[in-house]
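In what follows, every heavy atom counts, from backbone to side chain, and hydrogens, waters and symmetry copies are set aside. Both counts, for ligands and for their atoms, begin at 1 and track the order of listing.
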Amino acid sequence: MISLNRTTFLTQMGVSGACSTPSGTGNRRPMALKVVSMDSNGRAGERSGSVLVENSTVKEIAKPPSPVVEVEPKSTAGSWAQDAYVEDSAAAMDEQIMTPWSVSVASGYNLLRDPRHNKGLAFTEKERDAHYLRGLLPPTIVAQNLQVKKMLHNIRQYQVPLQKYMAMMDLQERNEKLFYKLLIDHVEELLPVVYTPTVGEACQKYGSIFRQPQGLYISLREKGRILEVLRNWPEKNIQVIVVTDGERILGLGDLGCQGMGIPVGKLSLYTALGGVRPSACLPVTIDVGTNNEELLNDEFYIGLRQKRATGQEYAELMDEFMTAVKQCYGEKLLIQFEDFANHNAFDLLAKYGPTHLVFNDDIQGTASVVLAGLISALKVVGGSLADHRFLFLGAGEAGTGIAELIALEISKQTNAPLEETRKKVWLVDSKGLIVSSRKDTLQHFKKPWAHEHKPIKKLIDAVKEIKPTVLIGTSGVGRTFTKEVVETMASINEQPIILSLSNPTSQSECTAEEAYKWSQGRAIFASGSPFDPVKFKGKMFVPGQANNAYIFPGFGLGLIMSGTIRVHDDMLLAASEALASQVSQEDFDKGLIYPPFTNIRKISAHIAASVAAKAYELGLATRLPQPKDLVKYAESCMYSPSYQNYR
Ligand SMILES: NC(=O)C1=CN([C@@H]2O[C@H](COP(=O)(O)OP(=O)(O)OC[C@H]3O[C@@H](n4cnc5c(N)ncnc54)[C@H](OP(=O)(O)O)[C@@H]3O)[C@@H](O)[C@H]2O)C=CC1
Ligand SMILES: CC(=O)C(=O)O
Ligand SMILES: [Mg+2]
């Protein structure tokens, strides 16, 4: 059995990075690296990755390498996903002892400073001896659950949400498993801390609170060198990238480089909610400048101090990035676009959809989550989707993305052409109702929604005219669903469906309290950012959270675990159905149209399974053979935040 220092091993192998490059490779050639680690019984587990080897002959370092845990069913193609998950998967946890690999075997002071392997006071006596920790820790040994209890207690002491956010980020940088255990075990309480609404404020103040880089910053200065920059990231087996250029951060506008909080937050949800390993997640911010004068004049601003690059300069940087990440991490890398302004978002999705595994969360993830909410709301109000009329305030990424998926679903259900089913959906933008007389001046993504109608300027007039059964806010502008708007909705419908999707809370089109009060408790309401339950006329109403966080973690897991190479609209529909199927009668009784986040990992496993099943059906999955039970397989793939024992 071998016990080797990984640094030495890599040096001997001549490995300088994980990316293959078209230029300057000399005698290098891409090859598969097997890093072998042993479990307590001396069995070897292996991880695969694509690395560069210069002038070297590859030696097998252990054979035969039998996997630590067998994940059923065994696959040949696409087995990298299985390998990558195996070490942290729940199934691997029982009684398994592993070596805490870092660049070298982490020990002593460095082990305590390594967030991936640090356990703080949870190190056992044996581990303290074996890993040179004696004296570096006080004598007490604390179980992980007690550590969770203590951290939660500490976080609850903070009154200011941003302080809670910073405490969570500190924990993530100190003890990754504890961070995820805490987040998973208390997801309802902590989601608003690491995600919307607090992440919005964190982005606004990111320069002031910046402590440690949590992702990759790729600015115009790195143009021509993006592949090199990617090599600086310590992890090599990346499976999902969330990337933003910071131009439309939630409903807060252009926050430039400080938008990094969004990819960081979204990826912590990939792990906590979807079970994707943290080391497989890479947050990226593309910095092409900002048009936010306040930030440009802020001495703590962390980005390039220039106006946004546009046109060819922007396109070339994005293209270099997209080419480099695929070259580095392969065809099955999932790239999630997040919070791009709509003048880039639609084009990027259209441009890279055919060549990359790309997904725009604001357009597609939001569409899928809202369709799920509507499917379950129909169980309360009755009728089919085709029986309803939909009116949106906001005709950007979220609005038109949702509109299109609703029209697609109606088209599938009724066999009516999409051009016809789109007529059930109306949108209002900052200039008023989108109608045919405006067609020549509309952005391309609005044109399909320019129906025949006289021009209408105000939302309230559009509500009175269109008489929608469903009103959806995707404007990014707070308090635009006025008392008159909600009352009119309630006068038209026995149970109006009102979704205020804009984030963060300050931008919500109306509050939960306003929706229930102004509709006399008849509205079916959900919002993008969470609201507390509301007591109205002696009855308790629990508002749901219509947020793409329900979809993207499970959706991404489904793509990754099946080795899917392209996203298809039918996968979004499958995800919506899967999410809607998880709403129980108990949830409906509380007025909810989404299941609680407490069960999110189970929900994500169902979404992942449905997405993967659709991918297999469409011939887009490469992990063969298809696992028999996809839900079980999804669960077995999920990262576990429980500590492992160290030899
Ligand atoms: N809950 C969730 O899961 C999600 C929520 N969102 C939220 O949705 C909001 C919008 O996001 P997104 O669609 O990407 O943004 P976009 O910028 O793409 O679209 C915003 C739309 O709102 C319109 N608008 C702006 N001001 C007004 C106004 N006063 N009256 C009427 N319409 C107005 C804009 O009009 P015009 O085109 O004329 O400029 C535009 O059509 C954000 O707050 C975001 O946080 C987004 C994704 C997911
Ligand atoms: C939730 C989300 O993706 C947004 O508000 O942009
Ligand atoms: Mg977003």
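Under a 4.0 angstrom heavy-atom cut-off, F552 registers as lying outside contact with ligand 2. Residue contacts with ligand 2 include N547, since one of its heavy atoms falls under 4.0 Å from the ligand. Using a 4.0 angstrom heavy-atom cutoff, R248 counts as in contact with ligand 1. Ligand 1 lies within reach of K446, whose nearest heavy atom is under 4.0 Å from it. At a 4.0 Å cut-off, at least one heavy atom of T474 sits close enough to ligand 1 to count as contact.
Here the protein heavy atom with the shortest distance to atom 3 (O) of ligand 1 is N548 N, 2.9 Å. Annotation: atom 25 (C) of ligand 1 to nearest protein heavy atom, S475 O, 3.5 Å. Of the protein's heavy atoms, N503 ND2, 2.8 Å lies nearest to atom 5 (O) of ligand 2. The nearest protein atom to atom 19 (O) of ligand 1, hydrogens excluded, is given as G396 CA, 3.3 Å; this is a heavy-atom distance. Closest to atom 41 (O) of ligand 1 among all protein heavy atoms lies A395 N, 2.8 Å. The closest protein non-hydrogen atom to atom 23 (C) of ligand 1 is G394 CA, 3.8 Å. Given atom 8 (O) of ligand 1, the protein heavy atom at minimum distance is S502 OG, 3.8 Å. Protein heavy atom in closest approach to atom 34 (C) of ligand 1: S430 N, 4.3 Å.
Scanning L393, D361, L501, D362 for the heavy atom closest to atom 5 (C) of ligand 1 points to L501. Of the listed residues (L250, T474, T366), the one carrying the non-hydrogen atom nearest atom 4 (C) of ligand 2 is L250. Closest heavy-atom approach to atom 47 (C) of ligand 1 among the candidates L250, N360, T196, T366: T366.
Considering backbone and side-chain atoms alike, K431 places every N or O at 3.5 Å or more from each N or O of ligand 1. Where the criterion is an N or O separation shorter than 3.5 Å, residue side chain and backbone included, N548 meets it with respect to ligand 2.
Of all atoms in ligand 2, numbered sequentially from 1 with element shown, those under 4.0 Å from a heavy atom of E338 are 3 (O). Interface of Y195 with ligand 2, defined as ligand atoms under 4.0 Å from a residue heavy atom, comprises 1 (C). Those atoms of ligand 1 that come under 4.0 Å of a heavy atom in A398, given as number and element, are 12 (P), 13 (O), 14 (O), 46 (C). Contact atoms of ligand 1 toward N342: 16 (P), 17 (O), 18 (O), 19 (O) (distance under 4.0 Å to a heavy atom of the residue). For ligand 1, the atoms lying closer than 4.0 Å to a non-hydrogen atom of V477 are 26 (N), 27 (C), 29 (N). Taking every non-hydrogen atom of G528 and a distance limit under 4.0 Å, the qualifying atoms of ligand 1 come out as 1 (N). Below 4.0 Å from some heavy atom of G251 lie the following atoms of ligand 1, by number and element: 42 (C), 43 (O), 45 (O). Per-residue contacts place R248 under 4.0 angstrom from the following atoms of ligand 2 (heavy atoms of the residue considered): 6 (O). Here is the list of ligand 2 atoms found below 4.0 Å of a heavy atom in D339: 6 (O).
Counting only N and O atoms by type, the side chains of Q545 and S529 include no donor and acceptor under 3.5 Å apart. Between the side chains of T244 and D339, no donor N or O sits under 3.5 Å from an acceptor N or O. No hydrogens or angles considered: nothing links the side chains of Q239 and Y329 as a donor-acceptor pair under 3.5 Å. Side-chain N/O atoms of K351 and N344 include no donor and acceptor closer than 3.5 Å. No donor-acceptor contact under 3.5 angstrom links the side chains of S527 and S500, judged on distance only.
Aromatic ring centroids of F552 and F359 lie 6.0 Å or more apart. F597 has its ring centre less than 6.0 Å from the ring centre of Y550. Ring centroid separation for the pair Y516 and F536 does not come in under the 6.0 Å cut-off.
Heavy atoms from both the backbone and the side chain of D429 come within less than 4.0 Å of ligand 1. When heavy-atom distances to ligand 2 are checked against a 4.0 Å cut-off, D362 comes that close only through its side chain, counted from C-beta outward. Residue contacts with ligand 1, taken as heavy atom pairs separated by less than 4.0 Å, do not involve Q507 at all. Residue K266 touches ligand 2 through its side chain alone, judged by heavy-atom distances below 4.0 Å. Residue contacts with ligand 1 for L459 are absent, since no atom lies close enough (heavy atoms, distance under 4.0 Å). Only the backbone of A546 comes within contact range of ligand 1, with a heavy atom under 4.0 Å; no side-chain atom does. If you look at N547 next to ligand 1, the close heavy atoms, those under 4.0 Å, come from the backbone and the side chain alike.
The backbone N or O of V477 lies less than 3.5 Å from no partner atom in the side chain of Q507, so there is not a single donor-acceptor pair. A donor-acceptor contact shorter than 3.5 Å is absent between the side chain of E404 and the backbone of T400. Proximity of a side-chain donor or acceptor of D362 to a complementary backbone N or O of E397 within less than 3.5 Å is not detected. Listed for the S268 side chain is a donor-acceptor partner under 3.5 Å among the backbone atoms of V264.
Closest non-hydrogen pair, K457 versus K431, comes out as NZ-O, 3.5 Å. When all heavy atoms of S368 and L572 are compared, the closest pair comes out as OG-O, 2.9 Å.
Listed by first and then second residue, the side chain to side chain donor-acceptor pair (under 3.5 Å) pairs involving residues 593-602 are Q582-K602 (not counting sequence neighbours).
Checked for salt-bridge contact, K464 and E484 meet the test: a charged N lies under 4.0 Å from a carboxylate O. Using a 4.0 Å cut-off between charged nitrogen and carboxylate oxygen, D254 and R248 do not count as a salt-bridge pair. Checked for salt-bridge contact, K439 and E452 miss the test: no charged N lies under 4.0 Å from a carboxylate O. The pair D298-K205 fails the salt-bridge criterion, with no side-chain N (NZ, NE, NH1 or NH2) lying under 4.0 Å from an Asp/Glu carboxylate O.
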Report the C-alpha separation of Y314 and D245 in whole Å, then their side-chain angles, then the decisive distance to 0.1 Å, and conclude whether the side chain to side chain donor-acceptor pair (under 3.5 Å) test is met. CA-CA 10 Å; Y314 178 89; D245 72 356; 2.8 Å; yes

Run S508 and S502 through side chain to side chain donor-acceptor pair (under 3.5 Å) and show every step you take. CA-CA 5 Å; S508 187; S502 293; over 6 Å; no

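Ring planes of F337 and Y352: tilted class, angle from 30 to 60°.
Figure legend: cation-pi geometry between R389 and W426 absent, as NZ or CZ is not positioned both under 6.0 Å from the six-membered ring centre and within 45° of its axis.
Listed by chain and residue number, the protein N/O/S atoms under 2.8 Å of the Mg ion (ligand 3) are E338 OE2, D339 OD1, D362 OD1, with waters left out.
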